[in-house]
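Both ligands and their constituent atoms are indexed starting at 1 by order of listing. Just so we're clear, the structure is a prediction, and the values are computed from it rather than from any experiment.
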Amino acid sequence: MTQIFDNPADFADQALDGFVAANRGYVARVNGGVVRSTEVPAGQVALVVGGGSGHYPAFAGLVGPGLATASACGNMFASPAAGQVYRVAKAANAGGGVLLSYGNYAGDVLHFGQAQLRLNAEGIETRTVLVTDDIASAPQDQMEKRRGIAGDLTVFKVAGAAAEAGLNLDEVERLAKKANDRTRSLGVAFDGCTLPGAGEPLFHVPVGQMSLGLGIHGEPGISEHPMPTASELAQLLVSRLLEDIPEKSGTRVVAIVNGLGTVKYDELFLLFGKIEKLLTDAGLTVVEPECGELVTSLDMSGLSLTLFWLDEELEQLWAAPADTPAYRKGNLAPRALRNALKEDETAAETETPTAASADLGRTAAAVLAQMRDVVVEHEAELGNLDAIAGDGDHGIGMRRGVDAAVDAANQAAAGGASAGRVLESAGEAWSERAGGTSGALWGSAVIAAGLALGNRESYRGSDAAAAVTAFVDAITELGKAEPGDKTMVDALLPFRDAFLNEHDGGTPLADSLTIAAEVAKAAAAQTAGLRPLKGRARPLAAKSLGHPDPGAVSFGLIAERVAVYFQSGPDHSELASVAGNGAAS
Ligand code: ADP
Ligand code: MG
């Protein structure tokens, strides 16, 4: 039970404020998370970790010299929004590029991925290494599908030590990947955890039972067992992990016994003693182990065992010193505090919008308003469609996202911002407010279109083509859906191809849009014949047959409305130059 709070909705934020107040020598608050309060040597790779809150010391507790540079902190058990990750990474960047590292969960992948696209587009070289250590979540030949649990620590520690040693981004990325490839964990749970303000735990394990492989947010486990003795538990965890060893594993291994919340240290130590003996009996050498709380889940009753298979370079990095609020090792020379970190360091730079770009920015805001109208008209229908095989939130999610986007765009456009800035703020607002897969995808697509339009002296037809291409690329790069997976991509790709085809043939903008929108609507309807292979609808694939994909349908409706708007010929001077192929300067 989580008991100490004023308002449950503010729990994560206020806990983070208090954490910073207790650790000012280590961390400073930025909008979206925390960043080291001590100096980071110029050119050092910034390791930005993160994820939902409720897992302390993951993730904010691991920020400090020799480990993470910053942590993006989401709400309780919820991914930070892309804008948060982006701002935290910008505050962390010391000129050596950014490595994003976090556990493999769909929401985190979308939001961190969107932030990465944005950082790269701005010239801050950014890479990602996902943590995929949980052997219960997918078989060994599908490592990339496994989720991340206590293995976060080994991957972050290796990456942080590599950055501290002054290695470049390629090397830090390579070593973090290698650490992940050689880390395996398995967890057990004896009972669930309760979110602040909730009356009931998120999930239960029957009394007297133990669930093997249950995820840290209650994701289904592999099997249930009667509560074992400590010796039996040690045997079970060790034997399962020794069936899942990496190639060229060697015999030197870090063992980490991690408490998930309410298992006491004495119990963890008792278990650790037995585990160490089993590993030693198996001919392994246990190197610099850890036993304690490293990645928790509020008051979840459970624990995990992680084995990290060392080689020479990994062992050196594992042994290197680190100094963070929750994890300290060896000795590091004290660091000077950074000059007061100003919030506005992470704010957008000022721009001087051109007249053409400010005009186009107002058009962009007007287009978004049209999009909102059509989403509002179809909100219920989209929700019902998503309820057939998904979770029924597509209508409300799109509505929340596009509402926030329109507000942000209107505000930016009223201030005379460039088209790029208007769309960037709209996209950010969209993904922060909408939640869900489609929110992250639409948000990043709108931002990408904004980055393509930027702040130019004049606009021409090729800019519209670039914006459409950037919009589509953002969604396919982030969501990684293939044609035929039954997602919005099945409407998007035909839309893009038709648009570019018309555009290249010299068809004016409004007509190109109209033709492409018709293609998109037809393609969306055709998704009724497909089985979903991506997204939440996948487990209920059969139910979805005969019904079109909600995300494809909403895209078709939006494309149609935008085309109608351009056909009505809004009298904006910049449109004359966007329309048509050869027009303008
Ligand atoms: P959630 O799936 O998180 O509940 P929504 O219900 O708002 O989010 O959106 C569902 C839609 O998102 C699906 O109908 C599909 O079109 C789209 N979608 C899901 N996963 C992907 C993906 N990986 N790539 C592209 N689109 C996707
Ligand atoms: Mg949904």
Side-chain angles (χ1 to χ4, degrees), residues 52 74-75 77-79 81-82 104-114 117 130 144-145 217 219 371-372 375-376 378-405 427 430-446 448 471-496 520-521 523-541 543-559:
N75 212 328
F77 290 2
S79 165
N104 183 26
Y105 294 91
D108 294 283
V109 170
L110 283 174
H111 286 284
F112 280 82
Q114 181 182 331
L117 289 178
L130 291 174
E144 75 289 347
K145 290 200 179 143
H217 314 97
E219 300 92 338
M371 290 165 54
R372 180 195 47 207
V375 167
V376 170
H378 295 272
E379 183 181 337
E381 172 194 332
L382 294 171
N384 293 339
L385 205 49
D386 189 32
I388 294 169
D391 50 4
D393 64 352
H394 189 57
I396 176 93
M398 289 292 289
R399 167 82 187 260
R400 254 191 263 139
V402 76
D403 267 343
W430 192 318
S431 83
E432 292 202 15
R433 278 276 296 289
T437 315
S438 64
L441 294 175
W442 269 94
S444 75
V446 169
F471 183 96
V472 174
D473 285 352
I475 290 176
T476 52
E477 269 177 48
L478 263 184
K480 308 220 161 29
E482 301 282 339
D485 284 353
K486 192 162 187 170
T487 69
M488 65 190 288
V489 166
D490 291 311
L492 266 179
L493 296 182
F495 171 87
R496 178 196 62 191
K521 277 202 87 172
Q526 277 171 14
T527 60
L530 297 172
R531 272 170 170 273
L533 295 172
K534 270 263 153 53
R536 270 183 224 274
R538 187 170 50 89
L540 296 169
K543 277 177 88 178
S544 141
L545 263 180
H547 303 279
D549 173 67
V553 170
S554 60
F555 176 76
L557 289 166
I558 288 171

Within the 4.5 Å heavy-atom criterion, are Val553 and Lys521 side-chain neighbours or not?
no
Which atoms of ligand 1 have any heavy atom of Thr437 under 4.0 Å away?
1 (P), 2 (O), 3 (O), 8 (O), 19 (C), 20 (N), 21 (C)
Minimum-distance atom from the Mg ion (ligand 2) among N, O or S atoms of Asp386
OD2
Using a 4.0 Å cutoff against the non-hydrogen atoms of Asp549, which atoms of ligand 1 qualify?
13 (C), 14 (O), 15 (C), 16 (O)
Does an N or O anywhere in Gly439 fall below 3.5 Å from an N or O of ligand 1?
no
If every non-hydrogen atom of Ala440 is compared with every non-hydrogen atom of Leu110, which pair is closest and at what distance?
CB-CB, 3.7 Å
Please state whether Ala481 comes within less than 4.0 angstrom of ligand 1, counting heavy atoms only.
yes
Decide yes or no for Asp473 and Arg496: does some side-chain heavy atom of the first lie under 4.5 Å from some side-chain heavy atom of the second?
yes
Can you tell if the side chain of Val402 reaches within under 4.5 Å of the side chain of Trp442, non-hydrogen atoms only?
no
Measuring from the Mg ion (ligand 2), name the closest N, O or S atom belonging to Asp393.
OD1
Just which atoms of ligand 1 are under 4.0 Å from any heavy atom in Asp391?
4 (O), 6 (O)
Using heavy-atom distances only, which candidate in Asp386, Val489, Thr476, Leu441 approaches atom 27 (C) of ligand 1 most closely?
Leu441
Checking one value in my table: which N/O/S atom of Asp391 lies closest to the Mg ion (ligand 2)?
OD1
Below 3.5 Å, N or O to N or O, backbone or side chain included: is there any such pair between Gly479 and ligand 1?
yes
For atom 4 (O) of ligand 1, which of Leu110, Leu382, Asp393, Val553 has the closest heavy atom?
Asp393
Side-chain donor or acceptor of Lys543 paired with backbone N/O of Ala389 under 3.5 Å:
no
Is it the case that the side chain of Asp386 and the backbone of Gly395 share a donor-acceptor pair, with hydrogens and angles ignored and the cut-off at 3.5 Å?
no
Atoms of ligand 1 less than 4.0 Å from Met488 heavy atoms?
15 (C), 16 (O), 26 (N)
Check: Met398 and Ser438 side chains under 4.5 Å, non-hydrogen atoms:
yes
Taking the side chain as every heavy atom from C-beta outward, state whether Arg399 and Val376 have any atom pair closer than 4.5 Å.
yes
Please state whether Pro550 comes within less than 4.0 angstrom of ligand 1, counting heavy atoms only.
yes
Does some side-chain heavy atom of Asp549 sit less than 4.5 Å from a side-chain heavy atom of Pro532?
no
